[in-house]
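First up is the structure itself, then whatever we jot down about it.
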Amino acid sequence: MGPAELPADVVEAGGPLHGLTPAAVAAMDHRALDALATEIRRFLVTSVARNGGHLGSNLGVVELTLALHRVFRSPRDRIVWDTGHQGYVHKLVTGRAGDFSGLRRAGGLSGYPSRAESPHDLVENSHASTALSYAYGMAEAASLRRDTGRVVAVVGDGALTGGLAYEALNNIGVSGARVLVVLNDNGRSYAPTVSTLTTAGRLDDELCDPKAPAGFFEALGIAYQGPVDGHDVSALERALREAARHEGPIVLHVHTVKGRGYRFAEADEAKCLHDIGPFDPDTGVAFDRPRRSYTEAFARAIIALAADRPEVVAITAAMDGPTGLSAFKERYPDRFFDVGIAEQHAVTAAAGMAMAGLRPVVAIYSTFLNRAWDQVYYDVGLHRLPVVFCLDRAGITGDDGPSHHGLTDLVLLTKVPGMTVLAPSCYEEVGVMLRWALCSGDGPVAIRWPKTEAPSSAVTGEGLAARLVRVGTDVCLVGVGKMLAACQEAAALLEADGVSATVWDPRSLTPLDPALLHHASGHPLVVVAEDGVAEGGVGALVSSALLAAGGERSPRVLCAGVPVAYVAHGRPADILADLDLDGPGIGRRVLRHLGRESVAPASASMP
């Protein structure tokens, strides 16, 4: 039976996987385990085809997950998954098959381990290179508490391109902490791994020394075992049991194939169907229609600008495809730098390049830039270096949940002295802003945009000037980036209620355009809508500027943004609506603050 033949009702109920437990897996003979592995792969393909999610990484760890749960007794033995998108099989083995119809949907299963879902889930992580530090801490705690349970960290070779992993390995080796590190080596992170430590797919290469990983770990004081075939449950069990008997830290090196068992994933050279929206399981092709995205606008703009400016270079942290740099990599391979999952290094390397006369563009997810805040603030900001940060997935991103929303970049970057922060409201503005950043900016610049579809506009701004979109008298709406569309919708709705609204596209958030501030000061109420944390965000900057200019005569300013909270996964439009950050929600906020009744009731989240 092919993956497309698994009936929908089987997916809804979990089918033959319903009620699966670690104990049941441990009791199976190896013939039954082989059948189970096949069934799990069928189930994964069908489930992800319906909802979207992370596929390739989970198809690659089926046998490894089964072996781990046969050898160790979770949750007494602690299994920590680095970059938890490889945890779907773990969820199935621990009894959650029946919930997979709600995977990554609001109120449904998280796409990552979730402590609220199961005692088997320890770390709600989706940022790489963290598991070894968690495991070190757990092992030291277990030692102090005389807890005999084992601590197992499952770490991909891609995660070993991140500095935090090496800091943890150093401590594990020095301390002798009783940590079993399962190195899941598939030669990839999102894309092929940037490392000479990995040996997956290279053992036939005459330049590859299979003993190199052993020497590396042993030099740190960590025993080494392997490599082992990660798709042979029997071999994995034997190796895991042997490693578990070791009293000190040990690495078990396992070779797996990302996308194993689904030919369309194995044939996807770019990412092995690492992540994908709903798709046709018979072809592996996503159903989503092609759409104009901010990422596409950036991809086109940087190639065009680089053609005339040989000093322009691009840097990414293991994500050239998702950040829009794949075409740049092909066109200008000598000017493209993938540093691995090493955001801190990426930023400081960019600083060094800028010091040496290049114009580096660092393309990175907003949430991952958090990992390099010190480097942004000091290594780039203190030296006023002309590094351009292009932040993808800014704001509410949706299905991947709390660790992927880009909610803090506006709060943080607007506090870097000399940093220019820009937010495009449409497809065309991305190129306009990138050109300004590379041709006119003389210090650090950040341009941030969302994952959602980019609208088109025949009108764009210039330089750092804000753009007046609509003129009114009762309220001034300032829509940051994609929130401009919501403000325009709110203005139209308010007009029907007899409220005249001005709408501004601020474009530049630091510095703010004096013309915007002057015009806004003539309104009794100013509303700043942003898809980031409201406290300390752009609204706070506007409020402070208006208060400084007008004192007691300054207008009231309503900061309409995201609360200080971890926002759960869901569709971006639904999340924004729940937060009263869509057009109707902003309209209700205005009516409430003007003391007027709204036709639609205000949500509980509205201040």
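Below, all heavy atoms of this structure are taken into account, side chains as well, without hydrogens, waters or symmetry copies.
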Query raised in the report: Is a donor on one side and an acceptor on the other found under 3.5 Å between the side chain of Thr397 and the backbone of His404?
Result: yes

Query raised in the report: Taking 4.0 angstrom as the limit, do Arg96 and Glu117 come out as a salt bridge?
Result: yes

Query raised in the report: How far does NZ of Lys258 sit from CG of Asn58, to the nearest 0.5 angstrom?
Result: 10.0 Å

**Report entry** Qualifying residue, where the test is side chain to side chain contact (heavy atoms under 4.5 Å, CB included) with Val480 and the options are Val542, Leu509, Val421
**Finding:** Leu509

**Report entry** ring pair (Phe, Tyr, Trp, His ring centres under 6.0 Å) against His519, all qualifying residues, sequence neighbours excluded
**Finding:** Trp504, His523

Report task. List for me each residue that meets side chain to side chain contact (heavy atoms under 4.5 Å, CB included) alongside Ile575, sequence neighbours excluded, and say none if there are none. Result -> Ile396, His405, Val567, Leu579

Requested in this report: May I ask you to decide if Pro113's main-chain N or O and Ser110's side chain share a donor-acceptor pair within less than 3.5 Å?
Outcome: no

Report task. Could you list all the side chain to side chain donor-acceptor pair (under 3.5 Å) pairs where at least one residue sits in residues 443-452, not counting sequence neighbours? Result -> Asp392-Trp449, Asp409-Arg448, Arg448-Asp531, Thr452-Lys482

Query raised in the report: Counting distance only, does the side-chain N/O of Thr316 pair as donor-acceptor with the main-chain N or O of Asp338 below 3.5 Å?
Result: no

Query raised in the report: More than 12 non-hydrogen atoms from neighbouring residues, nucleotides or ligands closer than 6.0 Å to CZ on Arg470, yes or no?
Result: yes

Query raised in the report: Does Arg507 pair with Glu429 as a salt bridge, N-O distance under 4.0 Å?
Result: yes

Query - Donor-acceptor contact present, side-chain Glu428 to main-chain Ser457, <3.5 Å - result: yes

Query raised in the report: Counting distance only, does the side-chain N/O of Tyr262 pair as donor-acceptor with the main-chain N or O of Leu55 below 3.5 Å?
Result: no

Query raised in the report: For Val411, does its backbone N or O pair with a side-chain atom of Lys415 as donor and acceptor, under 3.5 Å?
Result: yes

Report task. Say whether Arg292 and Ser456, considering side chains only, have a donor N or O and an acceptor N or O under 3.5 Å apart. Result -> yes

Query - Non-hydrogen side-chain atoms of Val416 and Trp373 separated by less than 4.5 Å - result: yes

**Report entry** Asp505-Ser425 side chain donor-acceptor pair, cut-off 3.5 Å
**Finding:** yes

Report task. Would you please name every residue forming a side chain to side chain contact (heavy atoms under 4.5 Å, CB included) with Arg359, sequence neighbours left out? Result -> Arg309, Glu311, Val312, Pro386, Leu438

Requested in this report: Would you please indicate yes or no on a ring centroid separation below 6.0 angstrom for Phe328 and Tyr332?
Outcome: yes

Requested in this report: To the nearest 0.5 Å, tell me how far Arg393 CZ sits from Ser366 OG.
Outcome: 11.5 Å

Report summary line: Here the gap from Ser440 atom OG to Glu462 atom CD, rounded to the nearest 0.5 Å, amounts to 11.0 Å

Query raised in the report: Does Phe287 have its ring centroid less than 6.0 Å away from the ring centroid of Phe279?
Result: no

Requested in this report: Could you please spell out the steps behind the side-chain contact (heavy atoms from CB on, under 4.5 Å) verdict for Ile40 and Val89?
Outcome: CA-CA 7 Å; Ile40 286 175; Val89 185; 4.2 Å; yes

Requested in this report: For the pair His85 (side chain) and Ser57 (backbone), establish whether a donor and an acceptor sit closer than 3.5 Å, ignoring hydrogens and angles.
Outcome: no

Query - Gap separating the SG atom of Cys390 from the CG atom of Leu369, nearest 0.5 angstrom - result: 11.0 Å

Query raised in the report: In terms of heavy-atom contacts, does CZ of Arg335 have more than 12 from other residues, nucleotides or ligands at under 6.0 Å?
Result: yes

Report task. Taking the side chain as every heavy atom from C-beta outward, state whether Val362 and Val388 have any atom pair closer than 4.5 Å. Result -> no

Requested in this report: Examine distances only and state if a side-chain atom of Ser500 and a backbone atom of Val475 form a donor-acceptor pair shorter than 3.5 Å.
Outcome: no

**Report entry** Worked verdict on Ser326 versus Asp320 for side-chain hydrogen bond (donor to acceptor under 3.5 Å, both in side chains)
**Finding:** CA-CA 5 Å; Ser326 293; Asp320 60 298; 3.2 Å; yes

Query raised in the report: Taking C-beta and beyond as the side chain, do Phe389 and Val387 meet within less than 4.5 Å on heavy atoms?
Result: yes

Query - Parallel, tilted or perpendicular, as decided by the 30° and 60° cut-offs, for the rings of His90 and Trp81 - result: tilted

**Report entry** Residues Phe43, Phe100; criterion ring-ring contact (aromatic ring centres under 6.0 Å, His included); working and verdict
**Finding:** CA-CA 9 Å; Phe43 183 87; Phe100 261 69; 5.6 Å; yes

Query - Distance-only polar pair, side chains of Glu453 and Tyr294, donor-acceptor under 3.5 Å - result: no

Query raised in the report: Does Ser101 reach the side chain of Leu103, with side-chain heavy atoms less than 4.5 Å apart?
Result: no

Query raised in the report: Taking it one step at a time, do Gln375 and Val380 satisfy side-chain contact (heavy atoms from CB on, under 4.5 Å)?
Result: CA-CA 6 Å; Gln375 287 69 34; Val380 173; over 6 Å; no

Query raised in the report: Is Trp436 close to Leu464 at the side-chain level, that is, under 4.5 Å between some pair of heavy atoms?
Result: yes

Report task. Step by step, work out the side-chain contact (heavy atoms from CB on, under 4.5 Å) result for Leu558 and Arg589. Result -> CA-CA 9 Å; Leu558 172 60; Arg589 289 173 182 262; 3.8 Å; yes

Report task. List for me each residue that meets side chain to side chain contact (heavy atoms under 4.5 Å, CB included) alongside Thr367, sequence neighbours excluded, and say none if there are none. Result -> His127, Tyr365, Asn370

Report task. Measure the OG1-CE distance between Thr510 and Met419 for me, rounded to the nearest 0.5 Å. Result -> 8.0 Å

Query raised in the report: Taking the side chain from Thr414 and the backbone from Leu410, do they hold a donor-acceptor pair closer than 3.5 Å?
Result: yes

Report task. Only counting residues at least two apart or in another chain, list the ones meeting side chain to side chain contact (heavy atoms under 4.5 Å, CB included) with Glu535. Result -> Val533, Val564

Query raised in the report: Does Asp582 reach the main-chain N or O of Leu576 with its side chain, forming a donor-acceptor pair under 3.5 Å?
Result: no

Query raised in the report: Is the Phe337 to His345 ring centre distance short of 6.0 Å?
Result: no

